[in-house]
Amino acid sequence: MAQATATPTGVAPKTAADEIPWNPKVTQHRTVGDWIVDIVIWTILTLVVLAVLYPIWFVIIASFSDQTLVASGKVTLWPLGFNVKGYEMVFSDDRVWQGYLNTIIYSVLGTALNVAVTIPAAFALSRREFAPRRIIMFFFTFTMFFAGGMIPNYLLFRSLGLLDTMWVFILPSAVNVFNLIVARSFFESSIPEELHEAAQLDGESYYGFFFKIVIPLSAAIMAVIMLYYFVQHWNDFGTGLVYIQDTHKQPLQNVLRDILLANSTQTGNSSMSAGELQLFADQIKYGIILISTIPLLILYPFLQKYFNKGVMVGAVKG
């Protein structure tokens, strides 16, 4: 005699169709509500993308347009009155090329030092068997909220002989605490302890475990940290303004600022009225914005794919 299978009250028994896994290649039946939700989501995303991209596009077209038309609001989607006077003025100054070279050197060397210090420090602070890690992490975190200030820093850098040298851009910012915390969280959440135990069984030391196993598995967080540090060095404006007097050692940001100020305050030019001079300065300003951001715009797409792997995985545990 067959026994009847009891089902909980109010719960429909499973059918064969319910046990078939969902196939993404099969078109699913969509209701009117599903279409409305999709339209709303895509509309919001489109508006957000336009709000982000349009200012960049406007700077590009404004730098190639007649500034009279830009000031009158006629330049909206395409350049009008095409001219490159602003770029000619900027690139005719030899300081721009020297500033580019200086910034590339400061950014590359600074980023290399940052990664060489941050990654090993984050790995050490992520190891639970490292007893003083919490005390050391406290001192690191303390510097995020309390600092000596500009004058003590200036006196310190002067006593160390860093003023008017390239090292003032590199050594004082060897570690960014925020990036250190992100990297440490990545190691804690993404490097299984079983890997270390397996490495120990194979006779590997901490150094061998770090260089042979941890580093190859940390490409995502290293790419993110490198981009963060590179952008920090590339946009460093205050260091050159306060600690550098030699114009040949000025980074690009300070050189472009000097060019912009020189053309904005040039009142002795008899061939141009005050209004024309302001419009010309505006075109130089748009060109300077584009010149200073192009390297980052080129670099970012190559590292963007690592952001979800690096930042989000490292943010699981704090």
Side-chain angles (χ1 to χ4, degrees), residues 30 32 34-93 95-97 99-100 103-104 107 223-224 227-228 230-237 251-267 269 271-308 311-312:
R30 302 177 63 84
V32 176
D34 294 333
W35 286 108
I36 294 176
V37 171
D38 285 349
I39 292 174
V40 171
I41 292 175
W42 280 105
T43 301
I44 295 175
L45 290 177
T46 302
L47 294 176
V48 171
V49 171
L50 291 177
V52 173
L53 295 182
Y54 181 74
I56 301 175
W57 175 246
F58 179 79
V59 170
I60 295 174
I61 62 177
S63 66
F64 290 102
S65 300
D66 186 342
Q67 292 306 299
T68 304
L69 300 176
V70 175
S72 62
K74 296 181 180 179
V75 176
T76 55
L77 294 177
W78 310 105
L80 299 176
F82 183 85
N83 71 81
V84 292
K85 293 181 180 179
Y87 291 103
E88 291 176 355
M89 182 64 188
V90 174
F91 285 116
S92 64
D93 196 322
R95 293 179 298 170
V96 173
W97 304 110
Y100 251 121
T103 299
I104 292 173
S107 300
V224 173
L227 182 60
Y228 282 170
F230 188 86
V231 172
Q232 173 184 324
H233 287 290
W234 188 270
N235 292 330
D236 189 359
F237 172 78
L252 178 65
Q253 309 298 335
N254 298 92
V255 171
L256 296 178
R257 166 189 173 272
D258 293 340
I259 295 175
L260 180 60
L261 290 178
N263 287 275
S264 298
T265 59
Q266 184 180 359
T267 57
N269 191 343
S271 63
M272 299 177 67
S273 63
E276 292 174 337
L277 188 62
Q278 181 59 47
L279 293 176
F280 184 58
D282 289 341
Q283 188 169 28
I284 293 178
K285 176 179 65 179
Y286 291 125
I288 284 175
I289 293 174
L290 198 58
I291 291 171
S292 61
T293 55
I294 279 180
L296 299 181
L297 294 176
I298 295 175
L299 179 64
Y300 182 82
F302 293 99
L303 299 178
Q304 188 268 343
K305 64 180 180 180
Y306 293 106
F307 268 69
N308 286 342
V311 177
M312 297 308 295

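Only a predicted model underlies this, so the values are computations on that prediction, with no experimental measurement involved.
Partners of Ile39 according to the side chain to side chain contact (heavy atoms under 4.5 Å, CB included) rule, which considers only residues two or more places apart in sequence or in another chain, are Thr43. Annotation: side chain to side chain contact (heavy atoms under 4.5 Å, CB included) contacts of Ile61 (sequence neighbours excluded): Trp57, Phe58, Val75, Pro79. Annotation: side chain to side chain donor-acceptor pair (under 3.5 Å) contacts of Asp236 (sequence neighbours excluded): Thr239. Under the side chain to side chain contact (heavy atoms under 4.5 Å, CB included) criterion, Ile104 pairs with Val108, Trp234, not counting sequence neighbours. Every residue two or more places apart in sequence or in another chain that forms a side chain to side chain donor-acceptor pair (under 3.5 Å) with Asn83 is listed here: Gln283. Under the side chain to side chain contact (heavy atoms under 4.5 Å, CB included) criterion, Ile291 pairs with Tyr87, Val90, Phe91, Tyr100, sequence neighbours left out.
A 4.5 Å side-chain heavy-atom check between Thr76 and Tyr54 finds at least one atom pair inside the cut-off. Residues Thr293 and Val59 have side chains not in contact (no heavy-atom distance under 4.5 Å, counting atoms from C-beta outward).
Here the straight-line distance linking atom OG of Ser107 with atom CD of Gln232 works out to 10.0 Å at 0.5 Å rounding. Between Asn254 atom CG and Asp258 atom CG the span is 6.5 Å, to the nearest 0.5 Å. Here the CG-CD1 distance, from Leu45 to Ile41, works out to 7.5 Å after rounding to the nearest 0.5 Å. Distance CH2/Trp97 to CG/Leu252: 10.0 Å, rounded to 0.5 Å.
Summarising the geometry of Leu256 relative to Val96, their closest heavy-atom pair is CD2-CG2, 4.4 Å, with the distance given to 0.1 Å. When all heavy atoms of Phe64 and Ile60 are compared, the closest pair comes out as CD1-O, 3.1 Å. Across every non-hydrogen atom of Pro55 and Leu50, the tightest pair is CD-O, 4.1 Å.
The backbone N or O of Leu80 lies less than 3.5 Å from a partner atom in the side chain of Ser65, making a donor-acceptor pair.
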